[in-house]
Protein chains: 2
Amino acid sequence: MSEPRRRAPRADARRNYERLLAEADAAFRQEGTDASLEGVARRAGVAIGTLYGHFPHRRALVGALLRDRNQALFARGEELQSGSTAAAALTQWVHAVVEHAAAYQGLAAILAAGLDDEGSELHASCLRMADISDRLIARARAAGALRQDVTSADVHALMNAAAWTREHMPAEQADRLVKLTMDGMLSSAT
Amino acid sequence: MSEPRRRAPRADARRNYERLLAEADAAFRQEGTDASLEGVARRAGVAIGTLYGHFPHRRALVGALLRDRNQALFARGEELQSGSTAAAALTQWVHAVVEHAAAYQGLAAILAAGLDDEGSELHASCLRMADISDRLIARARAAGALRQDVTSADVHALMNAAAWTREHMPAEQADRLVKLTMDGMLSSAT
DNA sequence: ACTTAAACTGAGGCATCCTCGATATAGTCT
DNA sequence: AGACTATATCGAGGATGCCTCAGTTTAAGT
């Protein structure tokens, strides 16, 4: 239990790690999250084994790429806890998450799976996101702005569905879906 | 231009065709639309080349499998043109399509792509579906039951999104999403 | 310089996709 | 029956991707 005191990573390791991340990001943007990992390694000028050394599986790569982006999203979420109307805050949060979850083609599916899948790097982030959502939902409900029968699962379903939509249709269409559904969720409160 | 007058297919060909369809259906149900085609051929007791002889690509297989099911769906659609309320008819249609489009994991994506993709077998079916939808939408709008700003693209987006949801979450959750969104779409009419 | 843990390499086993020339056979014609 | 031929089937093989691991290289501490 005595903290092995890991040495700092070697310079070449760090270099390759960054290079891989950059190329993976490019590849995922172009071809979606199921882009060829051998292709990524090749473009990064590195052997395939090196890629697997840094990222044992595809999810790890996706997780690493999302880390920064996640921080920004969480910050936005916390910010929304106080400002604006309860209803507007929730709506904006949903839009923010949808945009985030549609960064790469196929990401929505990975995230949807990752919520259950204990132990993935994504799992922690998903929990954090869920927590932020829950608080915004509670606030909206307390303010009487949200239909009583709307659950947080409903909101998450919408987020995922809209993210997927954004991957397969014009972004504007996904936004309209969110708007219409939120209208349904917020409307008959009173 | 003189109709080559194709001879009827050979008995073994017909047999293999049916066998392949049956096994493909089983495989797609279990593993989704990206199940291994070599596996399908193997399970059908046929060489891989035979499979490709009958179905040049995966889409053709999916299209053939959907043909019957599509007929039933279309029938239901026509039936809904007259009975019930305009609003109820539209809602039921959406539910029907969603259930249809979630028959296999991954089907939603194929259908979403197939709508644009001229010339796929699915394209014709997609057009037919779109037509039915449009008429139900027009009817609902004429009855003043649908918000004026809701487009048929919105309805299709919902269908696809909900179908995807059904693939990744409990079916009941997808149904709730449909219900909530329809509430938003139907509500502020007057 | 020397040492060594850390990192890299890439061949190789396995799965899948899809094509195409060689081979088999169902159905027909005499 | 036997032979003919359009139709079908077969399955090896090239291409690509996944992932592992034994062997080799190298950064960095002494």
Side-chain angles (χ1 to χ4, degrees), chain A residues 2-24 26-28 30-64 104-106 109-110 113 120-121, chain B residues 2-24 26-28 30-64 104-106 109-110 113 117 119-121:
Chain A
S2 63
E3 280 298 333
R5 213 58 190 85
R6 305 195 64 74
R7 184 185 304 201
R10 253 165 58 172
D12 53 348
R14 175 171 292 287
R15 205 167 41 234
N16 288 333
Y17 181 90
E18 298 299 346
R19 195 80 204 281
L20 282 166
L21 272 189
E23 294 297 342
F28 288 173
Q30 288 171 27
E31 311 164 43
T33 49
D34 51 357
S36 156
L37 295 187
E38 300 211 302
V40 169
R42 204 177 314 126
R43 289 168 61 169
V46 140
I48 183 64
T50 300
L51 185 152
Y52 280 95
H54 287 290
F55 309 98
H57 40 249
R58 187 173 233 100
R59 256 176 308 130
L61 199 39
V62 174
Y104 310 120
Q105 193 100 1
I110 291 184
S120 92
E121 353 241 323
Chain B
S2 64
E3 279 298 333
R5 213 56 191 83
R6 305 194 64 75
R7 185 184 303 201
R10 250 164 60 174
D12 54 347
R14 176 171 290 289
R15 206 168 39 234
N16 288 332
Y17 181 89
E18 298 299 346
R19 196 77 205 282
L20 281 166
L21 272 189
E23 294 299 341
F28 289 173
Q30 289 171 27
E31 310 165 44
T33 51
D34 52 357
S36 155
L37 295 187
E38 299 211 301
V40 168
R42 205 178 312 124
R43 289 168 60 169
V46 141
I48 182 63
T50 300
L51 185 152
Y52 280 95
H54 287 290
F55 310 98
H57 41 248
R58 187 173 233 102
R59 254 176 309 130
L61 199 39
V62 175
Y104 310 120
Q105 192 100 1
I110 290 184
D117 183 19
S120 93
E121 352 241 323

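Sequence lines set the chain letters: A, B, ... in the order given, protein chains first and strands last, and positions in each chain run from 1.
- Among the atoms of the strands shown, none is found under 4.0 Å from any heavy atom of A:Gly53.
- Here the closest heavy-atom approach between residue B:Ala27 and residue B:Val40 is recorded as CB-CG2, 3.8 Å.
- Closest to the A:Asp12 side chain, of the nucleotides D:dG17, C:dA7, D:dG29, is C:dA7.
- Counting any heavy atom pair closer than 4.0 Å across all strands shown, B:Arg58 reaches sugar-phosphate atoms only and no base atom.
- A sub-4.0 Å separation between OP1 or OP2 of C:dC8 and a side-chain N or O of A:Arg10 is absent.
- In terms of phosphate contacts, B:Asn16 brings no side-chain nitrogen or oxygen within less than 4.0 Å of OP1 or OP2 of D:dA8.
- In terms of phosphate contacts, A:His54 brings no side-chain nitrogen or oxygen within less than 4.0 Å of OP1 or OP2 of C:dA7.
- Remark: of the listed residues A:Arg14, A:Arg15, A:Arg10, A:Arg10 is the sole one forming a salt bridge (charged side-chain N to carboxylate O under 4.0 Å, His left out) with A:Asp12.
- Shown here for A:Leu20 and A:Ala41, the closest heavy-atom pair between the two residues is CD2-CA, 4.2 Å.
- At the heavy-atom level, B:Ile48 lies under 4.0 Å from base atoms of the strands shown.
- A donor-acceptor pair under 3.5 Å links the side-chain atoms of A:Arg19 to the main chain of A:Ala44, judged by distance alone.
- The nearest heavy atom of DNA chain C to B:Arg15 and to B:Gly39 marks one nucleotide each, and the one closer to the 5' end goes with B:Gly39.
- Using a 4.0 Å heavy-atom distance criterion, A:Thr50 is classed as a base contact.
- In this structure, CG of B:Leu51 is placed 10 Å from P of C:dC18, rounded to the nearest angstrom.
- Nearest to the side-chain atoms of B:Ala11 among the listed nucleotides D:dC18, C:dA26, C:dC17 stands C:dA26.
- The distance between atom NE2 of B:His57 and atom C1' of C:dT19, rounded to the nearest whole Å, is 15 Å.
- Of the residues near DNA chain C, A:Ala47 and A:Glu38, the one whose nearest nucleotide (by heavy atom distance) lies more toward the 5' end is A:Ala47.
- Heavy atoms of A:Arg14 sit nowhere under 4.0 angstrom from any nucleic acid atom.
- Between B:Arg42 atom CZ and D:dC10 atom C1' there is a gap of 15 Å when expressed in whole angstrom units.
- Taking atom CG on B:Leu37 and atom P on D:dG11, their separation rounds to 18 Å, with Å as the unit.
- One can place OH of B:Tyr52 at 18 Å from P of D:dG14, the figure rounded to the nearest angstrom.
- For the pair A:Asp34 and A:Phe28, the minimum side-chain heavy-atom distance is 4.5 Å or more.
- With rounding to whole Å, A:Arg59 atom CZ is found 15 Å from D:dC18 atom P.
- Within the 4.5 Å cutoff, the side chain of B:Val62 has no heavy atoms near those of the B:Phe55 side chain.
- To the nearest angstrom, P of D:dT5 lies 12 Å from CZ of B:Arg7.
- At whole-Å resolution of the value, CD in A:Glu31 and C1' in D:dT16 are 13 Å apart.
- Phosphate contact (OP1/OP2 of C:dC17, side-chain N/O of B:Ser36, threshold under 4.0 Å): present.
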